[in-house]
Structures are given as C-alpha cells and as structure tokens.
Protein chains: 2
Amino acid sequence: MSYTREELVELLRKHGIAPTHQRLEIAHVLFSRCEHLAADQILALANERFAETSKATVYNTLNLFRDRGLIREVIVDPKRVFYDPNTEPHHHLYNVDSGELTDIAAEDLQISGMPVLPPGMVTEGVDVIVRIRAL
Amino acid sequence: MSYTREELVELLRKHGIAPTHQRLEIAHVLFSRCEHLAADQILALANERFAETSKATVYNTLNLFRDRGLIREVIVDPKRVFYDPNTEPHHHLYNVDSGELTDIAAEDLQISGMPVLPPGMVTEGVDVIVRIRAL
DNA sequence: CCGGGAATTAGACAAAGTCCAATCTTTACC
DNA sequence: GGTAAAGATTGGACTTTGTCTAATTCCCGG
Ligand SMILES: [Mn+2]
Ligand SMILES: [Mn+2]
Ligand SMILES: [Zn+2]
Ligand SMILES: [Zn+2]
C-alpha cells in the first residue's frame, strides 16, 4: 500500500521509466492512496508539500504511466478523466451525485453473451459502470 | 425510423417540449438516423440545408431532450459526449481507433453479481462498454 | 566533471461546453 | 386575427480540461 521512495524508483525502472523527482512525486500520490483521482487533484496533491511540479508534467506523466501500463484511465464523467492505480481487470460503481468512484472486483461480476468481434478486431477491455444516486 | 414533421411535433409535445423550428430540426437529425452523434456533428447536420440553429441552441436542446428522457448520453470518449436516440437499456461496442460506436442489445448480454447498494441509493443505469481495436 | 539526450516548464493554444443579456417566437387569450 | 407575457434563440464572452512549443534544466554514462 505505502511504497518507499526506493520501491517507487524500482517500479518506474521496471516499466522503463526514468525516475525523476516529479515522476516519483506523482507515483507517490497515485500509489500511496488507492483512489481514483483526476489530473487536477493529482497536481494539487503532488504540490502539497512543495510546489515543484507543473501542470504540463502532470499530464505528460499520467499519459506516460498509462502508455506503459502503470495506471489506467476511467471514463465516467465527460468533464474529467479519472486515473486508476489498479490496472487489474475490474469494474466501477459511480455515484453521480457525489462523483465518488469505487471498485467492483472482476470476480464479483459475471458478464456472458459478449458479442463476436469482426475479424481482425480484438477486445481492449470491457468496462462496466454502475451509476448510482440517492433515492 | 423516418418520422414526419407532425410525428416529431407529437413526440416533443408528449414529452412536454414546445416544438420550435430548431428543436424539430435537431430531433429530425437524431431520430431519422439511428446513430450515436456528438454535439458538433448534430450542429453540422442540423444546419446542412439552412443555417438556422446556433451552437448554444444545440447544447440547450440536447440537455433538454436528455432531461426529458428523449435521448441519453453515452460517455466513452473523454473528448466528447455521444447522444443516443435509443433510451431502452442496451450496451455499446466502441472502436477506439475509428471512434465508431455500435449497440449491443440488452438481452444479448447478461450481467450477474451486481453489488448490493448502500441503503437509500438506487441504480440509475448500468453501462457496459466493450472497447475494441484493430489487431 | 562534462556533454548530450531526456525531462520540465510557463504560457500560448485548442476544443467542448456553459452562460448571459439582448432579441425573437410561440402561444394563450381576447 | 391581434396582443402581450412567457419561453426560446443567439453571438460571443467565458470556463475547463488538456495539448503543444520552444526555452531551460536535469540526469547519467563515460
Ligand atoms: Mn517533493
Ligand atoms: Mn470536456
Ligand atoms: Zn478502479
Ligand atoms: Zn446506443
């Protein structure tokens, strides 16, 4: 859950990412709490102690982490992307009132009857979003 | 599939919407073809014959139609919302390369193991998005 | 300790969507 | 049909999320 600086360095290196100060700060924000955060929240949390990371670097880094498979994007709100440090297949419960996003374990939810894909196409992922709100 | 002007007037009235010229044009765009369109595409199609609908009205109207249950939003691409004239429960196949969005009938796809909701919460909808791409 | 490639940055830019106050339509009523 | 109030539309300013660029700074192998 809580990684040391050295463990984070190792994690980035294992994914072919040079461990700069800013990237470690952002990795720390993402992997120390297991929440779903938007870019502006990540920027604010990274700069909580000392402001040393720019908006451009946060976006560069999130896109890099996503491309290298360290994190994934969750598309539930047209206004912002959420970043998920859990890249294992799983699903989401989205509270449309509060914006709170929580996980549903992949094993808990069974899907049957997946469509046959056109030839030459592969499934990149199956996202299930359960949208809930106060009665 | 193809509605007459009078049928569209009736459809809007039935949902408590005053049938103005612009709203009928937008309804025609949405209901004459059964595709998933983004706001800018709807604006372009509505103004294909005569440019008489503004961007503000397109957004006002799409939000009104959505609030009154005539259409629904599909959130698959962080860059734009798609509007779906089919409000029956169903799911989506999204080609991440081309941006093409197609329907999966609700009956074809079974989901079991839905989580128990916290008390006072109701499910607003369950969206399944199958993301596909070229091999 | 250098030097060059990689990373970071401020701020300009782009695109999607909202808001506003002025103007125009629709509609209910006579 | 004529009228007026309520409702709808509009251009353009504004906001937000995210990208891009060129200048600067950092990092690391030799
Ligand atoms: Mn720091
Ligand atoms: Mn947006
Ligand atoms: Zn998650
Ligand atoms: Zn659909």
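Proteins come first, then strands; the chains are lettered A, B, ... in the order of their sequence lines, and each starts at number 1. Predicted model only: the values in this text are computed from it and were never measured.
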Whole-Å distance separating the [atom1] atom of [X] from the [atom2] atom of [N]:
X: Leu62(A); N: dT8(C); atom1: CG; atom2: C1'; result: 15 Å
X: Ile17(B); N: dA6(D); atom1: CD1; atom2: C1'; result: 17 Å
X: Glu73(A); N: dT17(D); atom1: CD; atom2: C1'; result: 13 Å
X: Leu24(A); N: dC27(D); atom1: CG; atom2: C1'; result: 13 Å
X: Arg23(A); N: dC26(D); atom1: CZ; atom2: P; result: 15 Å
X: Phe82(B); N: dA16(C); atom1: CZ; atom2: P; result: 11 Å
X: Leu37(B); N: dA16(C); atom1: CG; atom2: C1'; result: 16 Å
X: Leu12(A); N: dA6(C); atom1: CG; atom2: P; result: 18 Å

Q. Per the end-axis method with five pairs at each terminus, what is the bend angle of the helix from dC1(C)-dG30(D) to dC30(C)-dG1(D), to 10°?
A.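 Axis angle across the helix from dC1(C)-dG30(D) to dC30(C)-dG1(D), nearest 10°: 30°.
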With a 3.5 Å distance limit and no angle check, can you tell me whether [X] reaches the backbone of [Y] through a side-chain donor-acceptor pair?
X: Asn47(A); Y: Thr53(A); answer: yes
X: Arg23(A); Y: Ala18(A); answer: yes
X: Arg131(A); Y: Val126(B); answer: no
X: Asp97(A); Y: Ala134(A); answer: yes
X: Arg68(B); Y: Leu12(B); answer: no

Q.
Is there a side-chain contact between Thr57(A) and the phosphate of dT9(C), meaning an N or O under 4.0 Å from OP1 or OP2?
A.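 Checking Thr57(A) against dT9(C): at least one side-chain N or O falls below 4.0 Å of OP1 or OP2.
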(Q) For Gln41(B) versus Phe82(B), what's the shortest heavy-atom pair and its separation? (A)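 That would be OE1-CE2, 4.4 Å.
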Q.
Within the 4.0 Å limit for protein heavy atoms, which parts of nucleotides 18-28 of chain C are touched? Write it as a string from 5' to 3', B for base, S for sugar-phosphate only, - for none.
A. BB-------S-
(Q) Restricting to side chain to side chain donor-acceptor pair (under 3.5 Å), what partner residues turn up for His92(A), sequence neighbours left out? (A)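 If we apply the side chain to side chain donor-acceptor pair (under 3.5 Å) test to His92(A), skipping adjacent residues, the hits are His36(A), Asp84(A), His90(A), Asp103(A).
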Q. With side chains defined as the heavy atoms from C-beta onward, is the minimum distance between Ile129(A) and Tyr94(A) less than 4.5 Å?
A.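 With C-beta onward as the side chain, the pair touches.
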Q.
Just verifying a value: how many Å separate Leu11(B) CG and Leu70(B) CG, rounded to the nearest 0.5 Å?
A.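 So the CG of Leu11(B) and the CG of Leu70(B) are separated by 5.0 Å.
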Q. Does Asp40(B) or Ser54(A) map to a spot on DNA chain C nearer the 5' end, using the closest nucleotide for each?
A.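 The answer here is Ser54(A).
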